Amino acid sequence: MAQGKPPGGGSVTVRFVLSLILAFIGLFSLLALLTGYDFIQQRRLDDAGTSLYLSLAFVTFLFVVFNIVRTRRGFSLTTVVPSKVLSVVQCTQCSFKQLKNFALGDYVTKAEGKCTQCGNQTLFVSGIFTEAGKKR
Amino acid sequence: MALPFFPLQFPGLDVTGPIGQVLQILLTAFFIGFIFFGQKLQMRMFLMEIDRGLKRLDFIRIQARDLTLKTVKEQGKPTADITPQINTLMEQFIIAPVDMDPSGIVRKFDHLLDVHDVKFKDDVRAIAPGASEPTLNNLGNLVEASWALNTIYRIVRHFYLLGRRTSSFFIILQLQALMPMVMQEAEAYMGAARAFAEGQPIGDGIGALVASRLMKDKAQRKVEKDVIVAETTMEDRRVIALKAEGPGGNVGKPGDAIRSIIEENQGKVSMVVMIDAALKFEGENSGDISEGIGAAIGGIGTERFKIEEEATKQRIPVYAVIVKESILEAITPMKKEILDAGEKVIERIKRLIIERTKPGDTVIVAGIGNTIGIGQ
Ligand SMILES: [Zn+2]
């Protein structure tokens with residue numbers, strides 16, 4: 001967008017609280033993962049208990065990571081930055097060709113008057129184009 | 001290894017102890033809770049996403065409306081405040097004819113569009129009394145782009161509120177899935193509004209541009225509504241080129257024009273070549289040229305119908321040369337690749353003419369598309 005900042009949308013507080021909760025759960029699951037790893041090392045749990053514990057922790061952790069990535073991505077929009085529009089001025093009698101900035105009132109086939117190269121009144125706008133719009 | 005570096009060794013943190021139990025219960029509860037309330041949670045997140053898109057749509061729509069107001073004031077020199085009239089125009093609609101009995105529906109559509117065009121132009125003229133004819137057409141296009149953005153916003157808001165009120169997962173899901181496309185379209189319309197405000201050629205105008213090159217400095221006349229025709233020769237064939245009347249934003253009625261030219265020549269036309277911009281598939285290059293058979297013209301279908309009907313009646317082959325571009329490129333200022341495609345299109349037409357007709361034949365070359373910023 002050329003002017004102004006588009007509103008982000010969504011209540012800021014709600015999103016802040018949600019991300020806090022997410023961060024908390026993430027930390028918590030990380031802790032649980034480490035604890036589980038510790039248990040395996042110390043052989044303090046039977047195998048079934050440990051794997052349940054670990055998989056729960058793992059799934060939770062994945063959930064958090066997935067959500068953070070998804071929220072960050074949002075709509076990946078390609079925004080068109082209004083780019084420069086140029087007019088091609090050409091002469092019908094000679095090879096004269098020139099680019100100039102588009103001015104209000106320009107149109108293709110518009111007569112542009114006298115050619116600086118050959119002196120005939122044969123200058124005209126042969127094309128109007130924009131350079132590749134940059135994508136965000 | 002007991003992870004000596006990790007400060008986890010605070011007392012009681014083992015699964016057999018009370019804190020460990022609590023941890024496990026919490027995790028299990030969360031996991032099971034997620035199974036039951038996962039969808040609700042997801043719905044919340046979708047709604048938030050849609051809400052964000054909706055706010056952006058609102059922002060774009062207001063920007064377009066402000067641009068329209070500003071441009072009409074600058075170029076149309078209204079005498080009074082035009083905000084109420086603009087607001088009325090933003091909400092206008094067309095009721096499509098009944099299609100239960102589809103025979104003759106094209107004529108009804110055609111009539112409806114004629115009425116709309118006349119009324120719309122009068123409305124625009126009323127708010128922009130100081131505008132010249134081309135400017136008036138540009139302003140009309142600008143108001144239409146602004147109308148499109150307003151309508152997109154209203155529709156999305158309708159389904160968003162409906163989905164939220166009824167907590168219907170499937171309405172929300174569909175809306176969320178469509179949102180990126182809707183946003184892209186809205187951005188495209190915003191780009192179009194900017195181009196219309198300044199009268200710059202858009203990607204869709206490539207057909208008109210090619211026709212304009214063919215008819216430059218030739219004797220021109222107006223046929224039908226807003227269509228300009230000129231005769232030229234190409235490889236010893238008589239070529240009748242036509243395009244909408246520029247440089248104001250205009251698509252004209254090429255269907256009627258082609259029909260009347262064929263009638264003028266008593267059906268002695270060897271072929272019709274139509275040049276238009278066409279939507280490319282993702283992954284294809286903009287400005288690539290494709291050749292095909294059939295009437296290449298967009299819109300609601302009335303013009304295509306007329307061309308097909310006349311061509312079938314007189315047994316005239318209709319060929320199409322299209323320039324590929326995206327929806328965004330089609331309605332925003334013309335890109336260099338597309339402009340450069342113009343020369344190649346002319347080469348294609350020449351080749352088609354040489355291959356499919358004999359010297360002395362008559363060929364119609366129709367440049368289809370919005371001719372904004374393209375004279376003749
Ligand atoms: Zn010159």
Side-chain angles (χ1 to χ4, degrees), chain A residues 1-4 6-11 14-15 25 28-29 31-32 34-39 41-42 44-45 49-50 52-53 56-57 59-60 63 67 70-71 74-80 82-83 85-86 88 92 102 104-110 124-133, chain B residues 1-3 6 8 13-16 20 23-24 26-28 30-31 34 45 48-49 51-56 58-60 63 134 179-180 183-184 187-188 190-191 194-195 198-201 205 209 212-213 216-217 246-247 328 332-340 342 372-376:
Chain A
M1 288 291 107
Q3 60 270 62
S11 165
V14 169
R15 284 208 292 175
I25 296 173
F28 189 71
S29 61
L31 213 73
L34 281 168
T35 321
Y37 179 72
D38 209 25
F39 289 151
Q41 291 299 315
Q42 296 177 21
R44 279 162 65 184
L45 263 184
T50 311
L52 177 69
Y53 189 83
L56 271 179
V59 166
T60 317
F63 167 77
N67 266 292
R70 216 177 60 106
T71 319
F75 294 116
S76 56
L77 288 172
T78 50
T79 308
V80 199
S83 42
V85 179
L86 299 166
V88 190
T92 48
F102 174 89
L104 198 70
D106 275 8
Y107 61 88
V108 176
T109 70
K110 183 187 175 195
F124 77 109
V125 179
S126 70
I128 294 169
F129 68 93
T130 173
E131 261 144 7
Chain B
M1 192 186 78
L3 293 174
F6 194 72
L8 206 89
L13 199 86
D14 63 80
V15 204
T16 46
L23 265 180
Q24 250 189 346
L26 272 179
L27 272 177
T28 317
F30 178 78
F31 190 63
F34 188 65
M45 300 192 105
M48 253 155 63
E49 230 168 280
D51 185 54
R52 204 165 49 208
L54 194 65
K55 287 214 169 93
R56 192 167 164 72
D58 192 26
F59 175 78
I60 294 174
Q63 221 183 18
M179 220 46 196
M183 296 307 293
Q184 205 191 3
E187 303 273 0
M190 190 60 218
R194 285 200 203 97
E198 305 230 323
Q200 294 161 345
L209 187 91
S212 150
R213 290 212 175 142
K216 185 171 159 39
D217 300 329
L328 187 79
T332 49
M334 191 182 283
K335 274 201 184 170
K336 188 149 196 331
E337 301 93 290
I338 297 167
L339 178 69
D340 291 344
I372 186 161
I374 301 168
Q376 57 272 324

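Treat the numbers as computed from the prediction; the structure is a model and nothing was measured. Letters A, B, ... are given to chains in the order of the sequence lines, protein chains preceding strands, and every chain is numbered from 1.
Within a 6.0 Å radius of CZ in B:Phe31, other residues, nucleotides and ligands contribute 12 heavy atoms or fewer.
Of the inter-residue distances, the one linking A:Ile128 atom CD1 with B:Ile374 atom CD1 reads 8.0 Å to the nearest 0.5 angstrom. For the atom pair OG1 of A:Thr130 and CZ of B:Arg194, the computed distance is 11.5 Å after rounding to the nearest 0.5 Å.
Using a 4.5 Å heavy-atom threshold, the side chains of A:Phe129 and B:Glu337 count as separate. In this structure, B:Leu209 and A:Val108 have side chains that are in contact, with non-hydrogen atoms separated by less than 4.5 Å.
Residue A:Ile25 touches chain B through its side chain alone, counting heavy-atom pairs closer than 4.5 Å. Residue B:Ile372: no heavy atom, backbone or side chain, is found under 4.5 Å from chain A.
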Original post:
After noting the C-alpha distance and the side-chain angles of A:Phe124 and B:Lys216, does the key distance pass the side-chain contact (heavy atoms from CB on, under 4.5 Å) rule?
Top reply: CA-CA 11 Å; A:Phe124 77 109; B:Lys216 185 171 159 39; 3.4 Å; yes
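In terms of heavy-atom pairs under 4.5 angstrom with chain A, the leader among B:Ala195, B:Gly342, B:Pro333, B:Pro134 is B:Pro333.
Residues B:Glu198 and A:Phe102 approach most closely at O-CZ, 3.4 Å, considering heavy atoms. Shown here for B:Ser212 and A:Thr109, the closest heavy-atom pair between the two residues is OG-CG2, 3.3 Å.
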